[in-house]
K.L.:
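The structure that follows is given in the form of structure tokens.
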Amino acid sequence: MGFTTPCFIRKNTEELRKKLEELGYKMLSPIEYDNLECSNGWVNDIKSPNDCNGIDCGTNKELFLALAALRDDTSANQYWVFDQDFPPHYKKRDFTIGYFSRCSCYCHVATVNELIEHFKEKE
């Protein structure tokens, strides 16, 4: 159990590594990392998109982090989509990051496709 969505990004930064650690990813040492071509969540100078399995996030760090956060053992730190208005702050189809235990009747964890569409619209 744990992270569910293989994805990679074509921009490896210290900021992204810190955010992944906050989500619960175990970071590799620099030597281990340099010996990888790609892994679940990272890319290291791959030759073509076919070299890695998973969703290619290009350089979109928001999409990458949203997909990398998807888990089957908790809903914390994941994007939620509201299925109906939830006054006073949320309207139907609003996205928010959080952990909701009591309002699942108002919203659901965003799916991979919903996240891709949401971040495509923001580009």
Side-chain angles (χ1 to χ4, degrees):
M1 293 203 153
F3 297 104
T4 61
T5 308
C7 57
F8 61 96
I9 189 163
R10 297 172 182 275
K11 175 169 60 174
N12 178 4
T13 66
E14 182 68 26
E15 175 192 6
L16 283 174
R17 288 191 297 275
K18 285 180 182 177
K19 294 215 182 254
L20 286 174
E21 285 178 334
E22 291 169 10
L23 292 174
Y25 281 85
K26 179 180 179 267
M27 295 296 101
L28 300 173
S29 72
I31 292 171
E32 291 173 311
Y33 180 78
D34 286 342
N35 290 328
L36 288 178
E37 283 204 355
C38 57
S39 65
N40 193 17
W42 285 108
V43 63
N44 185 25
D45 300 325
I46 62 172
K47 293 155 190 70
S48 78
N50 296 329
D51 291 343
C52 281
N53 293 324
I55 299 168
D56 183 351
C57 298
T59 59
N60 187 327
K61 72 178 185 176
E62 290 84 10
L63 174 60
F64 172 70
L65 290 170
L67 293 173
L70 292 174
R71 300 178 68 135
D72 59 8
D73 58 352
T74 181
S75 60
N77 299 312
Q78 295 183 43
Y79 274 87
W80 289 74
V81 181
F82 281 81
D83 298 317
Q84 59 188 28
D85 291 349
F86 189 72
H89 302 291
Y90 301 106
K91 301 281 186 216
K92 185 176 182 177
R93 289 187 285 286
D94 279 352
F95 279 70
T96 189
I97 284 183
Y99 174 78
F100 294 94
S101 59
R102 296 188 316 145
C103 83
S104 60
C105 57
Y106 296 100
C107 55
H108 65 274
V109 172
T111 66
V112 169
N113 287 335
E114 286 173 326
L115 290 168
I116 290 170
E117 286 303 311
H118 175 70
F119 287 105
K120 189 186 299 182
E121 291 172 7
K122 293 180 88 174
E123 288 184 321

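Along the sequence shown, residues carry numbers from 1. These numbers come from a predicted model, not from an experiment. Just so it is clear, the values below take in all heavy atoms, side chains as well, and ignore hydrogens, waters and symmetry mates.
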K.L.:
Go through the steps to decide whether L20 and L65 satisfy the test side-chain contact (heavy atoms from CB on, under 4.5 Å), and finish with yes or no.
P.N.:
CA-CA 7 Å; L20 286 174; L65 290 170; 4.1 Å; yes
K.L.:
If you look at every heavy atom in T4 and R71, which pair is closest and at what distance?
P.N.:
CG2-C, 3.9 Å
K.L.:
About how many Å separate OG1 of T5 and CD of Q78, when rounded to the nearest 0.5 Å?
P.N.:
8.5 Å
K.L.:
Which atom names give the shortest non-hydrogen contact between Y79 and L115, and what distance separates them?
P.N.:
CB-CD2, 3.6 Å
K.L.:
For Q84, what residues pass the side chain to side chain donor-acceptor pair (under 3.5 Å) criterion, not counting sequence neighbours?
P.N.:
none
K.L.:
Taking the side chain as every heavy atom from C-beta outward, state whether H118 and V81 have any atom pair closer than 4.5 Å.
P.N.:
no
K.L.:
Enter the distance from E114:CD to W80:CH2 here, rounded to the nearest 0.5 Å.
P.N.:
12.0 Å
K.L.:
Decide yes or no on salt bridge (charged side-chain N to carboxylate O under 4.0 Å, His left out) for K19 and E22, but give the supporting numbers first.
P.N.:
CA-CA 5 Å; K19 294 215 182 254; E22 291 169 10; 5.1 Å; no
K.L.:
Write down the atom of F3, the atom of L23, and the distance for their closest heavy-atom approach.
P.N.:
CZ-O, 3.3 Å
K.L.:
Quick one: OG1 on T96 to NE2 on H89, what's the gap to the nearest 0.5 Å?
P.N.:
10.5 Å
K.L.:
Rounded to the nearest 0.5 Å, what separates atom CD1 in I116 from atom OG1 in T111?
P.N.:
8.5 Å
K.L.:
What are the two closest heavy atoms between L67 and C7, and how far apart are they?
P.N.:
CB-SG, 4.0 Å
K.L.:
Can you tell whether the side chains of D83 and R93 come within less than 4.0 Å, N to carboxylate O?
P.N.:
no
K.L.:
Please find out if less than 6.0 Å separates the ring center of Y90 from that of F82.
P.N.:
yes
K.L.:
Could you report the tightest heavy-atom contact between V109 and S75, atom names first, then the distance?
P.N.:
CG2-CB, 4.0 Å
K.L.:
Of all residues at least two apart in sequence or in a different chain, which pass the side-chain contact (heavy atoms from CB on, under 4.5 Å) check with E62?
P.N.:
N60, F119
K.L.:
Return the minimal non-hydrogen interatomic distance between G54 and F8, and the atom names on each side.
P.N.:
O-CE2, 3.7 Å
K.L.:
Is a side-chain donor or acceptor of Y25 paired with a backbone partner of A68 at a separation under 3.5 angstrom?
P.N.:
yes
K.L.:
Enter the distance from L63:CG to I55:CD1 here, rounded to the nearest 0.5 Å.
P.N.:
7.5 Å
K.L.:
Where the side chain of E21 meets the backbone of K18, is there a donor-acceptor pair that is under 3.5 Å apart?
P.N.:
no
K.L.:
For the side chain of D85 and the backbone of K92, is there at least one donor-acceptor N/O pair under 3.5 Å apart?
P.N.:
yes
K.L.:
List the residues meeting side-chain contact (heavy atoms from CB on, under 4.5 Å) with K61, not counting sequence neighbours, and say none if there are none.
P.N.:
I9, E15, L16
